[in-house]
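Quick note on labels: first sequence line is chain A, next is B, and so on, each numbered from 1.
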Amino acid sequence: MEEKKNLIIVESPAKAKTIEKILGKNYKVKSSFGHIRDLSKKKLGIDLEHGFKPQYVIPDEKKKVVSELRKAVKNAGHVLLASDEDREGEAIAWHLSEVLSLPDETTKRIVFHEITPTAIKQAITSPRTINLDLVNAQQARRILDRLVGFEISPILWKKVKPALSAGRVQSVAVRLIVEREREIHNFKLQSYYRISGEFYLTLNQKTYLLKADIPEKFPSRKAALEFLEFCKGKTFSVLNITKKPLKRTPPAPFTTSTLQQEASRRLKYSVSYTMSLAQRLYEAGYITYMRTDSVNLSSLALNASRKKIVELFGEKYAKTRHFKTRTKGAQEAHEAIRPTYPDRETIPGSKAEQRLYDLIWKRTIASQMEDARIEKTTVTIGTEGSDKYFIATGEVIKFEGFLKVYSDRNGAEKAEETFLPPLKTGIPLKYKTIMASEKFTQPPPRYNEAMLVRKLEELGIGRPSTYAPTITTIQQRGYVIKEDRPGESRNITLLTLNDKQDQITEKTNKETVGKEKAKLFPSDIGMLVNDFLLEHFTDILDYNFTATVEKQFDEIARGGVNWQQMIEKFYKDFHPRVEAAEKITHKRTGEKVLGKDPKTGEEVIVKIGRYGPVVQIGRAEGDKKPRYASLRKGQLIETITLEEALDLFKLPRTIGIFENKEMVAGIGRYGPYIRHDNKFYSIPAQTDDPLTITEERAIEIILAKREAEKKKLIKTFDEDPDLQILNGRWGPYIKYKKNNFRIPKKQDPENLTYEECMNLISEAQKKKNK
DNA sequence: CAGTGAGCGAGCTTCCGCTTGACTT
């Protein structure tokens with residue numbers, strides 16, 4: 001009789017494929033595609049009267065998986081449940097055993113943390129049973145999250161706006177963004193001065209320039225000026241030179257969070273883009289699993305990396321290292337994210353996939369390389385009668401070590417060196433210039449997606465599989481908006497003492513401040529919901545809430561606490577707060593009175609209206625209707641001033657007549673514009689303002705646009721009026737029936753024939769359909 | 001690329017964590 005194959009069930013199909021390859025013909029390996037059962041999507045799914053008993057259902061999209069697993073179990077000998085070794089994995093194993101009615105005698109639970117032949121074979125020889133305490137910890141986690149989410153969200157629908165949501169993770173993420181915005185807004189800028197000098201020295205008929213700074217801040221223009229006056233005509237000298245060896249250690253291999261941060265910093269990828277690229281790399285077998293909190297590398301990876309490093313750079317560059325996770329709540333069910341085969345430097349695929357792989361490869365290899373050794377030289381420069389010293393530093397790399405593949409600073413491609421001229425103590429120095437430049441203290445930075453992930457991870461909130469979805473959710477709910485801001489110009493004072501006339505000159509420079517790229521800003525709704533939740537659910541919004549309940553889940557997992565009792569205790573405190581929040585009568589609109597309209601004396605009010613944030617002048621009384629104007633992008637109820645609010649009523653405004661038609665200035669969806677004869681002309685925001693733009697300037701803009709339009713049309717064809725060759729923002733292109741097509745660089749657009757154009761179009765369409 | 005801002009009521013929305021496709025844009 002034929003021996004039945006044993007069945008191994010893992011979570012991921014890609015993993016199943018790999019393991020099947022490793023184990024060969026005696027094993028069938030199937031995947032559960034994550035959880036197979038969950039609480040109902042629509043209902044609470046928890047029996048509050050009977051010990052919070054969860055009501056699990058198999059979601060429609062999982063029915064096929066389950067029926068296939070049933071079939072596989074029927075044909076199998078032993079069943080080995082090999083889901084991940086963490087709370088969720090244990091629960092998956094338990095749900096599988098329940099749903100598939102697996103008998104104890106033929107069912108085993110096995111775990112491994114890396115997909116290597118040794119690890120898997122070792123796991124098979126040491127099976128255990130399902131750890132029900134760990135499963136219960138997962139159930140408690142699941143139920144707590146469901147209670148929080150499904151009891152608070154409906155309150156928001158009633159008291160704020162439909163379809164909003166709240167949760168243990170997302171609401172704290174929003175809170176971080178809201179509070180940071182307020183910190184930035186309340187930040188009091190302080191001006192101070194930094195003094196730096198350029199000195200020169202002559203050695204063996206060669207002149208060297210040496211730049212040095214005074215580390216202390218000068219509190220005022222007066223203090224800076226006094227110091228410059230003092231320096232007039234003084235000779236400086238090198239007081240001290242110290243050389244100090246420094247070493248730099250490579251960073252640990254990637255986890256989900258650090259991969260997202262580095263891909264954001266170096267490649268400017270959004271968190272979700274990074275994850276979808278990583279998913280493709282994983283499925284193609286190029287990298288290990290991309291949702292992990294572990295920095296651990298398998299011994300197989302350590303060996304292969306070492307071999308590659310020796311081959312590329314030589315023995316002295318290799319150093320095998322074991323990294324330890326310091327992350328709060330890490331469960332370390334997988335390895336770090338690394339190339340499956342560290343000897344593979346490049347992979348086929350899209351440009352973006354290749355760049356992400358390159359980053360992962362470099363980070364992994366670097367983690368197994370020697371420290372970089374750097375010699376840092378510090379030179380102290382001073383003059384008699386002053387206790388302020390200029391400091392110059394130089395850094396020379398003595399041994400590159402890991403910096404050969406992975407520079408650690410600011411995402412720069414290469415590690416940077418700074419050199420100093422050959423100096424000796426006591427050498428006199430003449431100054432060329434001594435400059436005091438005004439600086440401002442800086443508010444804390446706004447979060448971008450990856451910085452937010454890092455903060456969440458630091459607080460132990462969320463898991464590798466949820467970072468990207470959480471960030472998408474808070475944007476989809478409209479709590480947070482990812483956008484760019486142009487920044488504003490501000491004046492800074494520059495005082496320069498020059499050796500030419502030994503005179504101090506003063507100059508005003510401009511610098512841009514507050515420029516932002518892809519940063520997270522809270523919306524009015526985000527702020528309103530945050531304040532509402534903070535008022536009624538202080539505990540859940542607490543940054544330590546997750547850490548606190550995690551400790552209790554750990555207790556359950558250790559078998560010390562009963563999960564129902566834990567939830568019971570939580571709910572006894574939580575549910576009355578839900579009821580209290582439901583009792584408030586008014587809808588929250590965030591209404592705020594800004595002041596009085598100087599023209600009419602009526603109240604100017606901002607609030608969230610039916611279609612979003614709005615300013616309102618006057619209250620509705622009898623027949624009297626208030627006037628309304630929507631807030632603009634970037635304006636917030638919390639920070640808008642009375643003047644800004646009143647400005648919103650000044651547009652659109654008629655600025656004059658041109659060719660017997662009115663010109664109207666306004667601000668629309670795509671920025672400031674002039675409307676004339678039903679055509680729109682955009683006003684360049686950097687140079688003009690629709691509130692103040694003159695008739696003459698408006699005509700200028702209209703004429704300039706007409707001129708550009710004329711130049712835009714390069715060629716038309718008698719054969720087909722739908723076909724045009726046009727001049728666009730990025731050069732000439734073909735337009736055909738609302739679609740645009742590129743013209744190859746080598747072709748001269750003026751001489752293209754009708755046939756050539758049609759060929760280009762059909763080729764482009766063929767490519768697209770592939 | 002503009003302006004909406006009354007009110008009622010039915011039916012819908014929602015959490016976090018595990019996994020991928022199957023869709024459209």
Side-chain angles (χ1 to χ4, degrees), chain A residues 10-16 31-46 59 61-62 64-65 83-84 86-93 95-96 138 141-158 161-171 173 275-276 279-280 282-283 289-291 331 333 461-470 473 476-477 540 546 549 589 605 607-617 619-620 625-630 651-652 664-675 678-683 690:
Chain A
V10 295
E11 293 181 34
S12 149
K15 213 173 178 180
S31 148
S32 75
F33 294 80
H35 276 292
I36 52 155
R37 252 194 348 181
D38 191 15
L39 301 173
S40 149
K41 276 200 182 67
K42 296 264 164 235
K43 293 189 303 191
L44 182 66
I46 301 165
E61 67 270 20
K62 285 291 163 66
K64 208 176 138 202
V65 177
S83 45
D84 299 343
D86 56 19
R87 204 162 60 202
E88 296 299 324
E90 204 66 18
I92 289 173
H95 281 300
L96 283 168
Q138 192 274 346
R141 198 280 305 154
R142 180 68 190 93
I143 287 162
L144 183 136
D145 282 337
R146 173 52 70 94
L147 290 171
V148 169
F150 273 41
E151 292 209 354
I152 299 181
S153 300
I155 300 176
L156 295 177
W157 307 341
K158 284 176 236 156
K161 203 181 118 168
L164 294 178
S165 64
R168 172 177 58 82
V169 174
Q170 57 168 287
S171 296
M275 290 314 280
S276 79
Q279 177 87 32
R280 272 184 258 163
Y282 167 66
E283 281 170 15
Y289 196 56
M290 64 281 152
R291 293 187 274 265
Q331 310 206 0
I461 300 173
R463 302 280 311 131
S465 67
T466 60
Y467 295 138
T470 299
T473 300
Q476 270 175 357
R477 300 279 175 273
I540 285 159
T546 292
V549 290
T589 60
I605 301 146
K607 63 175 192 185
I608 295 178
R610 272 212 292 171
Y611 308 103
V614 68
V615 194
Q616 170 183 341
I617 301 181
R619 305 248 181 208
K625 284 231 165 98
R627 293 156 66 208
Y628 294 97
S630 295
L651 294 175
V664 175
I667 295 181
R669 259 199 288 173
Y670 311 116
Y673 67 84
I674 300 161
R675 190 170 40 119
N678 278 328
K679 285 196 194 70
F680 288 87
Y681 303 87
S682 41
I683 299 174

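- Among the protein residues, A/Gly89 comes within range of no part of the nucleic acid, since none of its heavy atoms lies under 4.0 Å from any strand.
- In the set B/dG17, B/dA2, B/dT13, the nucleotide with an atom closest to the side chain of A/Trp157 is B/dT13.
- Regarding contacts with the backbone of B/dA2, every side-chain N or O of A/Tyr611 stays at 4.0 angstrom or more from both OP1 and OP2.
- Rounding to whole angstrom units, NZ of residue A/Lys158 and P of B/dC12 are separated by 16 Å.
- Within the 4.5 Å cutoff, the side chain of A/Val169 has no heavy atoms near those of the A/Arg463 side chain.
- You won't find any donor-acceptor pair under 3.5 Å spanning the side chain of A/Thr470 and the base of B/dG17, going by distance alone.
- One finds a side-chain N or O of A/Arg477 lying less than 4.0 angstrom from the OP1 or OP2 phosphate oxygen of B/dT14.
- At whole-Å resolution of the value, NZ in A/Lys42 and P in B/dC12 are 8 Å apart.
- For B/dG17, the OP1/OP2 oxygens have a side-chain nitrogen or oxygen of A/Thr466 closer than 4.0 Å.
- Stacking annotation: A/Phe150 is stacked on the base of B/dT14 (ring centroids less than 5.5 angstrom apart, interplanar angle below 30 degrees).
- Between the NZ atom of A/Lys607 and the C1' atom of B/dT4 there is a distance of 13 Å, rounded to whole Å.
- At the heavy-atom level, A/Thr473 lies under 4.0 Å from the strands shown only through sugar-phosphate atoms.
- Residues A/Arg142 and A/Glu88 fail the side-chain proximity criterion, which asks for heavy atoms closer than 4.5 Å.
- In this model, the phosphate group of B/dC16 is approached by a side-chain N or O of A/Gln170 to a distance below 4.0 Å at OP1 or OP2.
- Nucleic acid contact for A/Arg146: base, since at least one base atom lies under 4.0 Å from a heavy atom of the residue.
- In this structure, A/Arg627 places its CZ atom 12 Å from P of B/dT4, rounding to the nearest Å.
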Under-3.5 Å N/O pairs linking protein and nucleotides 19-22 of chain B:
| from | atom 1 | to | atom 2 | distance (Å) |
| --- | --- | --- | --- | --- |
| B/dT19 | OP1 | A/Tyr289 | OH | 2.4 |
| B/dT19 | OP2 | A/Tyr289 | OH | 2.6 |
| B/dT19 | OP2 | A/Arg291 | NE | 2.9 |
| B/dT19 | O5' | A/Tyr289 | OH | 3.3 |
| B/dT19 | O4' | A/Gly34 | N | 3.4 |
| B/dT20 | OP1 | A/Ser12 | OG | 2.4 |
| B/dT20 | OP2 | A/Gln279 | NE2 | 3.3 |
| B/dT20 | OP2 | A/Arg291 | NH2 | 2.8 |

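- Between A/Leu39 and A/Gln331, the residue anchored closer to the 5' end of DNA chain B is A/Leu39, taking for each the nucleotide with the nearest heavy atom.
- Residues A/Glu90 and A/Gln138 form no side-chain contact, since every pair of their non-hydrogen atoms from C-beta on lies 4.5 Å or further apart.
- Which of B/dT14, B/dG17, B/dC1 sits closest to the side chain of A/Pro154 comes down to B/dT14.
- Contact annotation: the side chain of A/Pro672 approaches that of A/Ile667 to within less than 4.5 Å [non-hydrogen atoms, C-beta and beyond].
- Residue A/Pro690 forms a side-chain contact (heavy atoms from CB on, under 4.5 Å) with just one option from A/Ile683, A/Val664, A/Ile674, and that option is A/Ile683.
- Using a 4.0 Å heavy-atom criterion, one finds that A/Val614 contacts the bases of the nucleic acid, with or without backbone contacts as well.
- Base contact: A/Gly612 has a heavy atom under 4.0 Å from a base atom.
- The side chain of A/Pro652 has B/dG3 as its nearest neighbour among B/dG3, B/dT4, B/dC1.
- Using a 4.0 Å heavy-atom cutoff across all strands shown, A/Leu147 reaches no nucleic acid atom at all.
- Backbone-only engagement by A/Ser165 is indicated by non-hydrogen atom pairs under 4.0 Å involving sugar-phosphate atoms exclusively.
- Residue-level contact check: A/Lys625 touches neither bases nor backbone, having no heavy atom under 4.0 Å from any strand.
- When heavy atoms are screened at a 4.0 angstrom cut-off, A/Ala166 is found touching the sugar-phosphate backbone but no base atom.
- The distance between atom CD of A/Glu90 and atom C1' of B/dG17, rounded to the nearest whole Å, is 16 Å.
- Under the 4.5 Å side-chain criterion, counting only non-hydrogen atoms from C-beta, A/Val614 is in contact with A/Lys607.
- A/Asp84 has its side chain within reach of A/Lys15: a pair of non-hydrogen atoms, C-beta onward, lies under 4.5 Å apart.
- In this structure, the CD atom of A/Gln616 is 14 Å from the C1' atom of B/dA6, given to the nearest Å.
- Between A/Arg610 and B/dG7 there is no side-chain N or O to OP1 or OP2 distance below 4.0 Å.
- Residues A/Pro59 and A/Lys41 are in side-chain contact: their nearest non-hydrogen atoms beyond the backbone lie under 4.5 Å apart.
- The residue A/Arg87 sits apart from the nucleic acid: no heavy atom pair falls under 4.0 Å.
- Contact annotation: the side chain of A/Arg291 approaches that of A/Met275 to within less than 4.5 Å [non-hydrogen atoms, C-beta and beyond].
- When the P atom of B/dA2 is taken as reference, atom CD1 of A/Ile674 falls 13 Å away, rounded to whole Å.
- Atom pair A/Arg142:CZ and B/dC16:P shows a separation of 9 Å (rounding to whole Å applied).
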